[in-house]
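First the structure, in the form of structure tokens, and then the observations on it.
Chain naming here is simple, since letters A, B, ... match the order of the sequence lines and numbering starts at 1 in each.
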Protein chains: 2
Amino acid sequence: MKSVLLEKSKKHLRAQGGRMTAQRRLIVETLSSLDTHPTAEEVYRIAREKDSTLHLSTVYRTLRWLEQEGLIASRLFDDERRQERFDATDHNEHYHFMCNSCKKVIEFDTLLVNTIKAQFELHSGAQVESGSVVLYGTCADCRKQIFAAEQPD
Amino acid sequence: MKSVLLEKSKKHLRAQGGRMTAQRRLIVETLSSLDTHPTAEEVYRIAREKDSTLHLSTVYRTLRWLEQEGLIASRLFDDERRQERFDATDHNEHYHFMCNSCKKVIEFDTLLVNTIKAQFELHSGAQVESGSVVLYGTCADCRKQIFAAEQPD
DNA sequence: ATTTGTGCAAACACTTTGCATTGTA
DNA sequence: TACAATGCAAAGTGTTTGCACAAAT
């Protein structure tokens with residue numbers, strides 16, 4: 001159960017005279033044990049099962065630090081205006097689908113975004129540095145459930 | 001200075017027994033006079049020049065109503081976590097570029113998003129209902145300025 | 001005359017911050 | 001031992017809501 005994120009965090013901490021505390025370890029391990037895109041609250045709730053003295057502000061501070069270090073990313077989805085989700089994925093640019101019904105986030109990749117960027121640059125004279133794509137809809141699982149619920153017997 | 005949005009608003013109000021108040025008219029006119037994607041605060045600030053008794057909560061209520069009616073859309077951009085921007089554009093799905101330096105929002109269109117959607121659907125079994133694309137970078141104007149600043153004389 | 005909409009102030013939800021204390025290096 | 005990090009509580013920020021009053025139909 002060794003985590004790439006944990007190792008990277010240690011390295012970054014060492015490089016800047018930071019300290020690897022029990023809380024940071026717990027938060028990082030919790031985050032990398034989840035393959036979802038959890039909110040700070042979700043990380044907090046799960047981590048607290050192992051250390052009930054952990055405080056939400058520590059979770060925020062740690063997530064924010066990880067973000068600044070470029071080790072995780074934070075994202076907002078349209079239907080959750082207030083609440084950020086944290087993305088521990090270590091591969092670089094990728095895109096997201098969010099299920100309107102179960103709120104699951106699925107990552108995907110496509111080369112077409114590069115084409116979109118190039119087209120826009122050509123058109124506008126702008127220089128594009130990054131891009132975000134979020135698709136919304138109903139995931140396969142939820143479609144199945146909905147279908148099952150619609151069938152009489 | 002007649003506004004399509006105002007006409008539509010009137011129609012929707014009529015259809016549901018709502019009332020066209022001075023405030024609603026002012027907010028709608030302010031919004032459609034701007035070709036930017038203003039925040040609620042920006043709408044409020046500008047509208048208040050014409051009616052200093054207008055209250056921010058009324059602006060929110062009106063914007064929210066317009067959104068529910070499908071007459072405007074609200075969006076969040078990555079670098080403005082908390083604050084929504086409102087988009088009075090009346091053509092349907094379109095995409096955005098935001099300049100990292102002047103925060104200007106430029107709309108654009110592309111057919112490639114449909115391909116991305118179709119690819120993802122095929123792949124995942126999900127059904128995609130909508131999609132958002134936001135590119136970030138430096139707009140043509142800002143690039144020019146930066147270039148000029150870099151030249152010696 | 002109704003009954004919707006507004007101003008206002010207070011509540012909300014998520015996130016951040018200040019400070020005394022704890023714990024790592 | 002020094003000083004970074006935590007717990008806690010309080011503040012902050014953008015947005016929403018309840019209610020008494022005002023105004024549109």
Practice item. May I have the distance from A/Ile27 (atom CD1) to D/dA5 (atom P), rounded to whole angstrom? Key: 12 Å
Review point. Looking for any heavy atom pair under 4.0 Å, which part of the strands does B/Thr53 touch: base, sugar-phosphate only, or nothing?
Key: sugar-phosphate
Review point. For C/dG7, does OP1 or OP2 lie under 4.0 Å from any side-chain N or O of B/Thr58?
Key: yes
Practice item. Measure from OH on A/Tyr44 to C1' on D/dG7 and round the result to the nearest Å. Key: 10 Å
Check your understanding: For the side chain of B/Glu29 and the backbone of B/Leu26, is there at least one donor-acceptor N/O pair under 3.5 Å apart?
Key -> no
Review point. When rounded to the nearest 0.5 angstrom, what distance separates CZ in A/Arg85 from OG1 in A/Thr36?
Key: 7.5 Å
Review point. Do A/Arg61 and C/dG18 have a side chain to base donor-acceptor pair shorter than 3.5 Å?
Key: yes
Between the protein and nucleotides 22-25 of chain D, which nitrogen or oxygen pairs come in under 3.5 angstrom?
{"residue": "D/dA24", "atom": "N3", "partner": "B/Arg19", "partner atom": "NH1", "Å": "2.9"}

Review point. Between B/Ser52 and B/Arg48, is there a donor-acceptor pair closer than 3.5 Å when you use the side chain of the first and the backbone of the second?
Key: no
Point to revise | Other cluster members, B/Leu34 - Ile/Leu/Val/Met/Phe/Trp/Tyr, side-chain contacts below 4.5 Å | key: B/Ile46
Check your understanding: For the side chain of B/Thr58 and the backbone of B/Leu54, is there at least one donor-acceptor N/O pair under 3.5 Å apart?
Key -> no
Exercise for review: Mind checking salt bridge (charged side-chain N to carboxylate O under 4.0 Å, His left out) for B/Lys8 and listing every partner two or more places apart, or none if nothing turns up?
Suggested key: none
